[in-house]
Each structure stands twice: as structure tokens, then as C-alpha cells.
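Owing to the predicted nature of the structure, the values given are computational and were not obtained by experimental measurement.
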Amino acid sequence: MRLRVAARLLLEAAALGTPLIASDAGAAGVLDERHGVLFRAGDIDDCAMALRRFAAADETRHARWRSCCERLAQDFSTERECAGYLELF
């Protein structure tokens with residue numbers, strides 16, 4: 001259940017075009033650097049480095065992250081998810 005909630009939170013943030021900072025655990029493992037900054041789960045030093053990379057990124061990079069996040073949100077939209085389930089049944 002916890003990973004499902006985490007996946008939903010990531011998709012909701014992406015739907016708003018929010019660049020993501022997430023660990024590579026669970027649901028976030030499907031993301032990559034196109035969507036924001038990832039760090040190794042449980043590695044506090046890597047998390048700190050990810051936060052520094054995010055803070056140091058220029059506006060062009062942030063715009064690219066927002067764009068990728070918006071595309072991610074479209075790929076997992078409610079409509080597409082429901083259509084996929086209907087195809088199964």
C-alpha cells in the first residue's frame with residue numbers, strides 16, 4: 001500500500017509539472033533524471049547531493065523537468081489508466 005501511495009503522489013506532482021526529487025526505491029524506480037533528481041534509497045549523502053544538484057540546476061533544466069513530468073502525467077492519466085483496465089476485461 002505504501003508504494004502505491006508513493007506512486008500516486010509522484011504522478012500527482014508530475015501532473016502539476018513539478019520536477020521530482022525522489023529515491024530510486026519502489027515506484028520511483030520507473031523515473032529517471034529526465035523527471036527530476038533521483039538518489040539511492042537509504043543513502044543520506046546521495047540525498048543531500050541530489051538536493052544540491054536540484055538547487056544548482058538552471059531554468060532550462062527545470063523547464064525540461066517540468067515538460068517531462070507533464071508527459072509522464074499524461075501517460076498515466078486517469079483516462080488512460082481506466083482505458084487500460086477496460087481492455088483487460
Side-chain angles (χ1 to χ4, degrees):
M1 175 69 169
R2 213 165 126 191
L3 290 179
R4 280 179 81 179
V5 171
R8 184 69 186 171
L9 290 173
L10 291 172
L11 291 173
E12 288 175 359
L16 296 171
T18 304
L20 307 170
I21 300 175
S23 76
D24 59 4
V30 301
L31 305 175
D32 59 37
E33 294 288 326
R34 292 174 301 159
H35 306 103
V37 180
L38 296 179
F39 60 91
R40 287 184 301 279
D43 186 333
I44 191 84
D45 293 326
D46 199 41
C47 178
M49 192 178 327
L51 291 169
R52 285 192 293 274
R53 283 194 321 264
F54 185 83
D58 62 14
E59 182 52 38
T60 301
R61 182 113 177 130
H62 279 276
R64 191 169 42 232
W65 284 333
R66 283 190 297 274
S67 175
C68 287
C69 286
E70 289 164 359
R71 283 195 301 274
L72 177 69
Q74 290 170 0
D75 289 345
F76 291 94
S77 70
T78 302
E79 293 79 17
R80 287 190 76 175
E81 292 291 301
C82 289
Y85 282 117
L86 289 174
E87 284 180 24
L88 292 174
F89 302 103

Contacts of D58 that satisfy side chain to side chain contact (heavy atoms under 4.5 Å, CB included) - sequence neighbours left out: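 Partners of D58 under the side chain to side chain contact (heavy atoms under 4.5 Å, CB included) test: T60, R61.
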With sequence neighbours excluded, residues passing side chain to side chain contact (heavy atoms under 4.5 Å, CB included) with A48: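 Expected list: R52.
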Sole candidate of L51, I21, D24 that passes side chain to side chain contact (heavy atoms under 4.5 Å, CB included) when paired with F39: I21
All ring pair (Phe, Tyr, Trp, His ring centres under 6.0 Å) counterparts of F54, not counting sequence neighbours: H62, W65
Heavy-atom closest contact (A50 atom, V37 atom, distance): CB-CG1, 3.2 Å
Taking every non-hydrogen atom, the tightest pair across A41 and S23: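 Closest pair (atom of A41, atom of S23, distance): CA-CB, 3.8 Å.
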Which residues share a side chain to side chain donor-acceptor pair (under 3.5 Å) with D46, sequence neighbours left out: none
Side chain to side chain donor-acceptor pair (under 3.5 Å) partners of E87, counting only residues at least two apart: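 Applying side chain to side chain donor-acceptor pair (under 3.5 Å) to E87 gives none.
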Polar side-chain atom of R40 near backbone of D45 as donor-acceptor pair, under 3.5 Å: no
